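The structure appears right after this line, and notes come after that.
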Protein chains: 4
Amino acid sequence: MLAPRKRRKEARPAELLEAALGLFVEKGFTATRLEDVAARAGVSKGTLYLYFENKDALFKAVIQEGIIPVIAENEAIAARHTGCSFALLEILLDNWWSKIGQTAFAGIPKLMVAEARNFPDLARFYYEHVISRGRGLVGFALRRGMESGEFRSMDVETTIDVIIAPILMLLIWRYSMSCCQNSESDPQLYLRIHMDLLRQGLRKTENETQV
Amino acid sequence: MLAPRKRRKEARPAELLEAALGLFVEKGFTATRLEDVAARAGVSKGTLYLYFENKDALFKAVIQEGIIPVIAENEAIAARHTGCSFALLEILLDNWWSKIGQTAFAGIPKLMVAEARNFPDLARFYYEHVISRGRGLVGFALRRGMESGEFRSMDVETTIDVIIAPILMLLIWRYSMSCCQNSESDPQLYLRIHMDLLRQGLRKTENETQV
Amino acid sequence: MLAPRKRRKEARPAELLEAALGLFVEKGFTATRLEDVAARAGVSKGTLYLYFENKDALFKAVIQEGIIPVIAENEAIAARHTGCSFALLEILLDNWWSKIGQTAFAGIPKLMVAEARNFPDLARFYYEHVISRGRGLVGFALRRGMESGEFRSMDVETTIDVIIAPILMLLIWRYSMSCCQNSESDPQLYLRIHMDLLRQGLRKTENETQV
Amino acid sequence: MLAPRKRRKEARPAELLEAALGLFVEKGFTATRLEDVAARAGVSKGTLYLYFENKDALFKAVIQEGIIPVIAENEAIAARHTGCSFALLEILLDNWWSKIGQTAFAGIPKLMVAEARNFPDLARFYYEHVISRGRGLVGFALRRGMESGEFRSMDVETTIDVIIAPILMLLIWRYSMSCCQNSESDPQLYLRIHMDLLRQGLRKTENETQV
DNA sequence: AATGAATGAGGCTTCATTCAT
DNA sequence: AATGAATGAAGCCTCATTCAT
């Protein structure tokens, strides 16, 4: 077991990233003061600059460290799935919900949306490593279902977007306008209705018309 | 023909609002400098304050002049609609798409999402005057369809959110991550698929189970 | 009788001065906005500049027009006084109180005190035409009383200052800190006590010691 | 010997307060630019905000550090005084004169009078912490003297005002109109005459009439 | 003579970043 | 490695002054 001092030093970057994530998610990039990040991580303002070149670098590190592992996990799940395709969509959503939707990472989508224009290279990174792979997962399930005759035929790439949208909005809303709603919305119900509409909406029927 | 001075005077507010909308959407609320708004409208900083009390008021005016009329128009459409309920949803969407989705106002949802937390005042204003009324419209169509037996029974409030989400995401995406996509997405197709999934997803079937 | 339009034009400067006096007294020089002065006088901002070169000039005009006539009146009273000297002091105070203390001019001393440093030439004007002559009046009464044996001998110039101070403070207070007092002070009682202390304080006694 | 950096750090607040006092007294509260305060203390604008939250706080600190201790000291003097009451008044005046009247703090009364209306917050702070306690001191001496039969009976609260007025005016004058006087006035003589008039004016005589 | 739209300098305050210790 | 004092650029907003009508 390492001496506490030593442990401290090695844990610093992670502690700073966690503090930064919390504040970025809570207040947005511009409104987050580095002094507050440092304070939340229990160090001084100057120390932050020993680990991250500047505010932008800190932001990029927060995003990059945050979210990728969950995607990989879902890719493995999809690869070994054997049941029907709609069930796969449900499993992927469940896992994503428990690993992202119910953790601090839930704030990332809103953060990315808000700042993408100001950080184009970061947006590209996020797109390639998170969004693109996430869309790939949904696309895999859709194509699989269409080929097996479970789903009707539709333009896959666009359908992916339509399917993902309510899931992203659920989180984006939570970190933006939700403060204005007096009635708490129920995310479980929201997701259930979304999947419910999809189950029936995707299903292949007798008098199928090509889209 | 009016004297130029006079003509300017009357055109000023509209010119300023247009400049403000453009910059708000492009850079966000905080990052937009009032001096730049003034410059884009071809006047000096101080002039802006002759027409709008402060930055908040300018923002509210942008919303007031640009978005609220469309909401009101849609409310009128809904009130006098006589056909089936799904057709009403389609008409409302069409109108909203041509008046908002295809204009500079399309950037507002992303703007609101990005800044809501830091400007609760503006968020509340937007919620009350836009979101709340927009949800009311969708809710009206849903309830109407459920009562007539056209739609199956679902939790209305939550379904509203699920239905609106893809429409909002379409715009939010356009003003955030879209720069990372190499293939241009087709909003018409996107909206058609959304409505297609909904048409089938909302429909009441033989073996109906309550949700 | 002149036409109203004509009357208006000739009355403008006086109306503007009255409005300016009111606002200067209420808010001080810097905090008074010329737009408010114009509004109170019922004209537009630009009109003000037709009559006064700038804000400084307006301030000087306010002071210069305001207060001199009362001094002249008191000088006449003193010249023809025949009774005892303390009675003269009381008469002068009474007149000053009713002509200045109970009118809008009461705010001038505070105004001069606050701005003297920023308007040295105006301060000099005020000193020569108001303060100096006011001190002369009190000095006249004091010397008269000392010569007649009614008052004990004291350094006249300094005694003048000591006597005038509470009278000025009464007004200065009213236009500055009085807002912080919960109990309304009674100026009549204040002046009576001041004169009471003076009556006994100035009187020549048996065992007189030179000061 | 302390490192220079460290020494500076500890000296900063006092240096800033001194610079602020000087400029406040010289130019007034509004006309004093924080940048000038910082420059006079030899630091940059931003540094000032490390020590004082804003302009108001800086002002309050000036009062807090400079004037309130003298009030407290005088309260202690009054509490342990055993001689006659007029002597107490003289001692209090002497102490106040040497600690305030002969220092840069002498400019504060004029400053307060000039700015009270526009900064009710500051006025209230000053009233509660300085004026109110100062009046309490004089009131204490007056009541003490009336009870012992040394002074005649008068309305105490109003008499306090009358007594304090010349002392305040002495300072107010020095920081306002004094520049217009060619003959330098002698504050020592002024205060002596004031106390002389008071000594005789307050004294209880044979044929006492209630006021 | 009168208007009021337009200007732009100026001050308070915030905060990312630097650097001496 | 760590600190935190110091810096100064940047933005909102006010208002005296100008000037075309």
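Here is how names work: the chains are called A, B, and so on, in the same order as the sequence lines, proteins then strands, and each is numbered from 1. Fair warning: this is a prediction, and the values are worked out from it, not measured in the lab.
Residue A/Lys45 places a side-chain atom within donor-acceptor reach of the base of E/dT17, judged by atom type and a 3.5 Å distance cut-off alone. For a distance-only test at 3.5 Å, the side chain of D/Lys27 fails to qualify as a donor-acceptor partner of the base of E/dG11.
For residues 18-26 of chain B, proximity to DNA chain E is found at no residue, defined as any non-hydrogen atom under 4.0 angstrom from a strand atom. A heavy-atom distance below 4.0 Å to DNA chain F is reached by these residues of residues 28-36 of chain C, ordered by number: C/Thr32, C/Arg33, C/Leu34.
Between the OH atom of C/Tyr127 and the CE atom of C/Met112 there is a distance of 12.5 Å, given to the nearest 0.5 Å. A distance of 13.5 Å separates OH of C/Tyr126 from CD of C/Glu115, quoted to the nearest 0.5 Å. Within the model, atoms CD1 of B/Ile63 and CG of B/Leu58 stand 10.5 Å from one another, a figure rounded to the nearest 0.5 Å. Of the inter-residue distances, the one linking A/Phe125 atom CZ with A/Gln64 atom CD reads 3.5 Å to the nearest 0.5 angstrom. From C/Ile172, atom CD1 reaches atom CG of C/Leu111 across 11.0 Å, with rounding to the nearest 0.5 Å. The CG atom of D/Asp121 sits 10.0 Å away from atom SG of C/Cys180, with the distance rounded to the nearest 0.5 Å.
Straight-line distance from the CZ atom of B/Phe52 to the P atom of F/dC12: 15 Å, rounded to whole Å. One atom, CG of B/Leu16, and another, P of E/dA5, lie 13 Å apart when rounded to the nearest Å. For D/Tyr51 and E/dT13, the OH to P distance is 18 Å, given to the nearest whole Å. When rounded to the nearest whole Å, the span between CZ of B/Phe59 and C1' of F/dC13 equals 20 Å. Straight-line distance from the CG atom of D/Leu58 to the C1' atom of E/dG11: 15 Å, rounded to whole Å.
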Under 3.5 Å, which donor-acceptor pairs link side chains of residues 16-37 of chain A to any protein atom two or more places apart or in another chain?
from, atom 1, to, atom 2, distance (Å)
A/Glu26, OE1, A/Arg40, NH2, 3.4
A/Thr32, OG1, A/Leu23, O, 3.1
A/Thr32, OG1, A/Gly28, O, 2.6
A/Arg33, NH2, A/Glu35, OE1, 3.3

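Of all heavy-atom pairs between D/Tyr51 and D/Pro13, the closest is CD2-CG, 3.8 Å.
If you find the closest nucleotide of DNA chain E to D/Asn54 and to C/Gly46, the one lying nearer the 5' end belongs to C/Gly46. Each of B/Ser44 and C/Thr47 was assigned the nucleotide of DNA chain E with the nearest heavy atom; the assignment lying further toward the 5' end belongs to C/Thr47. With the nearest nucleotide of DNA chain F identified for both B/Tyr49 and C/Tyr49, B/Tyr49 has the one nearer the 5' end. Comparing A/Leu50 and B/Glu53 against DNA chain F, the residue whose closest nucleotide sits nearer the 5' end is A/Leu50.
C/Thr47 meets the side chain to side chain donor-acceptor pair (under 3.5 Å) test with C/Ser44; sequence neighbours excluded. D/Tyr49 meets the ring-ring contact (aromatic ring centres under 6.0 Å, His included) test with no other residue; sequence neighbours excluded.
The closest side-chain heavy-atom distance from D/Ile67 to D/His129 is not below 4.5 Å. Put simply, the side chain of A/Leu122 does not reach to within 4.5 Å of the side chain of A/Asp56, judged on heavy atoms.
In DNA chain F, runs of at least 3 consecutive Watson-Crick or G-U pairs, each pair with both distances below 3.5 Å, span E:2-21 with F:2-21.
For C/Lys55, taking side-chain heavy atoms from C-beta onward, the closest of the listed nucleotides F/dT17, E/dT7, E/dT3 is F/dT17.
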